[in-house]
2 protein chains.
Amino acid sequence: MASVTIYDVANRAGVSIKTVSRVMNAEPNVRPATREKVEAAAEALGYSPNLSARSLAGSKSFVLTVFVDASLTLEHWAGERGADYLSRVQYGSTLSCREGGYHLMLELIDHDAPRVRQEVNGLLAALKPDGVILTPPSSDNEIVLDILKKSGTPFVRLGPEQDLPGGLCMRLDDRGAAREMTRLLIGLGHTRIGFVMGDPLWGSSRARRAGFMAAMAEAGLKVDPALIQVGAYTYESGQQAGKALLALPERPTAIFASSDDMALGCLAAADEAGLSVPGDVSVAGFDDSTASRFSRPSLTTVRQPLVEMATSAAKALISGQVPADCDRDASLDHVDAFKLIERQSTAPPAKAKVRRGGR
Amino acid sequence: MASVTIYDVANRAGVSIKTVSRVMNAEPNVRPATREKVEAAAEALGYSPNLSARSLAGSKSFVLTVFVDASLTLEHWAGERGADYLSRVQYGSTLSCREGGYHLMLELIDHDAPRVRQEVNGLLAALKPDGVILTPPSSDNEIVLDILKKSGTPFVRLGPEQDLPGGLCMRLDDRGAAREMTRLLIGLGHTRIGFVMGDPLWGSSRARRAGFMAAMAEAGLKVDPALIQVGAYTYESGQQAGKALLALPERPTAIFASSDDMALGCLAAADEAGLSVPGDVSVAGFDDSTASRFSRPSLTTVRQPLVEMATSAAKALISGQVPADCDRDASLDHVDAFKLIERQSTAPPAKAKVRRGGR
DNA sequence: CTGAAAGCGCTTACAG
DNA sequence: CTGAAAGCGCTTACAG
């Protein structure tokens, strides 16, 4: 079955291909009667414009690309847990793409390979996407950001952790979320709460700490400086921070670690110290990572509204609201809502225990 | 940054664009020295051929499309359980695509919409994929199959249930899997086993029953005709069949329903009859559906090797091993392995119970 | 409001 | 083994 082209439609409607093109692209300056004739011809012939031809001739490709980390993604796919993060991103962006007549391509990036630059360059040259949605760790990969900027491809960074120039950023309200989580702990009855901060170089780390401090202040609780530990968003740093907090003469009854990985480290530290969670100490995290759901105990944490973020990201890219060359000053930060996920790792503080006789 | 084209490479290498094209496509008839010159120029310039141009000019698009049901997929994505089935299909097909320099596009099809025909036709016209991977219910949708055949697009049907002509089929060994599952039940000690068959019109139904019969025969167990019920692969039909089996004067101690949906129906029937699973009766299913994992009790079932199936499907499509017009006679069926998943719904039959005095 | 011409970056079919 | 020409199906930039 030979495919029907713009010429077939033009012939049948008795107009030039340029007019057909106008109608297909919903451009103005077509008489209603002409428009109808063309639409009828296209419908009768079952005509759909060839994406490749449009892309080659025009300035739009009708393709959006999502960059995900290759090894992370393959691991998640292989790991039978279902790729939860990715599913949510696909959900949101696919929704917007369908609405806008766009197509989504998922591309796995080898962030650690020496040839990332070539890989990403090749991808852009081959696909010419109208926009790219970056997921961590792409969102913070300077090589990827650099290539994207040089190529003039608009992009959105999902959940970026660093304050790098360029692109539209979609992240949750770090300060607000940290404040809410702290309020939750305070509401449970905790007054002596330890805080594990992420890398201070990152804006999100400072924002989360600010939220913690704000909640403590509004509750009239003083924050002992010894209760604030600085980590690096890693499991190990969290474990170290947790160890330090739990070794304090006056132990905190709750720890708010500002990333799930660090919170998981705190869980390990509690275990080492022979303390039960949440019996002896509550632990809260931040991110709603997959690990947070499967840890023992499962982690109370903050969830990013990923579906909504991905929906807006794709929408922004499709509508061309993201300038290709937007630098730090021009960058619009899109702050989304968030959701507290209460799981097993938090509880009211233990009452003063009745000490049974030594064993 | 203006993109580098085949002309730039040709200029730098001092050859014609045709020669560059030959090298990029690994065609023969290029002197090694020339090939090297071209490769060096391409590398230096960071050249990657534009996919749209290749697609428009040539006969290949380097794009594979996966058809999934729109509402099913959106439901899974929304349902926080992660889209397990889809993840596994994506995993396998993405792997093969990366290897072959192909790109994968996921397309959501509204199978129930009156405009499916137009939708699918439009998709093929716009994307011109070199092949399509069908997942249920696309695998058995006659409209979809018809369009694919008319358009001459090669396609693979994943886990088809009906014997329809056309395309390459990838399914597990129904007979062998049913035989193994029956052996498992027999191994547990069951001798009186009920079987719920799917729609007899479908080849897979008959194959699964044949596997059941074979296992029973090889164990020297006679099959009471009353123990074979015919369902329709739906929950309701399974419930009805289960009800009938459990009302038998001599009740089976195990039921093998040849689809998870029907097995779930049997679970409901047991519940209605006041019987516990697996205490009073074991129930086994077939498919490893998501529901089978989350049911109470979770279902012992047969899992399709989806990742492997998708990998082979994409590979076959990329290598052009699937003739565009293969009809029933020419269709090659690709039979894959399977895996028994033992969960909570099966156990050894109860010993003759010691009847305690009335309650 | 409509159209004729040129060109996007490649591959095809052919010639040598 | 290599290349010049034509053309894939559209959009762009322009003219009227």
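Note on naming: letters A, B, ... go to the chains in the order of the sequence lines (proteins, then strands), and numbering restarts at 1 for each one.
- A close approach under 4.0 Å does not occur between any side-chain nitrogen or oxygen of A:T5 and OP1 or OP2 of D:dG9.
- B:S52 comes within 4.0 angstrom of nothing in the nucleic acid, heavy atoms only.
- No hydrogens or angles considered: a donor-acceptor pair under 3.5 Å links the side chains of A:D69 and A:H111.
- Across B:V9, B:V23, B:T34, a single residue satisfies side chain to side chain contact (heavy atoms under 4.5 Å, CB included) together with B:E39, and that is B:V23.
- Between A:R54 and D:dT11 there is a side-chain N or O to OP1 or OP2 distance below 4.0 Å.
- One side chain, B:S55 or A:S52, offers a donor N or O that lies under 3.5 Å from an acceptor on the other.
- Here the P atom of nucleotide D:dG7 and the NZ atom of B:K18 are 17 Å apart, to the nearest Å.
- An OP1 or OP2 oxygen of D:dT11 is reached within less than 4.0 angstrom by a side-chain nitrogen or oxygen of A:S21.
- Using a 4.0 Å cut-off, some side-chain N or O of B:Y47 falls inside it from OP1 or OP2 of C:dC10.
- Counting to the nearest Å, the P atom of C:dC10 and the CG atom of B:N25 are 11 Å from each other.
- Checking B:T153 against B:K128 by side-chain atom types alone, no donor-acceptor pair falls below 3.5 Å.
- You'll find the side chain of B:N141 stays beyond 4.5 Å of the side chain of B:F67, heavy atoms only.
- Partner assigned to D:dA4 is none, using Watson-Crick or G-U wobble distances below 3.5 angstrom.
- B:Q304 is not listed as a side-chain neighbour of B:R171, based on a closest heavy-atom distance of 4.5 Å or more.
- Across all strands, B:S55 comes closer than 4.0 Å to no nucleic acid atom at all (heavy-atom distances).
- Atom P of nucleotide C:dC10 and atom OH of B:Y7 are separated by 9 Å, given to the nearest angstrom.
- Protein atom CG of A:N50 is 6 Å distant from nucleotide atom C1' of D:dG9, rounded to whole Å.
- A donor and an acceptor atom sit less than 3.5 Å apart, one in the side chain of A:R22 and one in the base of C:dT2.
- A 3.5 Å limit on both hydrogen-bonding distances identifies no Watson-Crick or G-U partner for C:dA13.
- Between A:L56 atom CG and C:dA6 atom C1' there is a gap of 13 Å when expressed in whole angstrom units.
- Listed pair B:T19 / D:dG3 meets the phosphate criterion, a side-chain N or O lying under 4.0 Å from OP1 or OP2.
- Mapping B:V15 and A:M24 onto DNA chain D by nearest heavy atom places B:V15 closer to the 5' end of the strand.
- The residue among A:P32 and B:S48 whose nearest nucleotide of DNA chain C is located toward the 5' end is A:P32.
- The distance between atom CG of B:D130 and atom C1' of C:dT11, rounded to the nearest whole Å, is 14 Å.
- Taking atom CG on A:N29 and atom P on D:dA13, their separation rounds to 16 Å, with Å as the unit.
- Mapping B:A57 and B:G14 onto DNA chain D via the closest heavy atom, the residue that lands nearer the 5' end is B:G14.
- One can place NZ of A:K60 at 9 Å from P of D:dT12, the figure rounded to the nearest angstrom.
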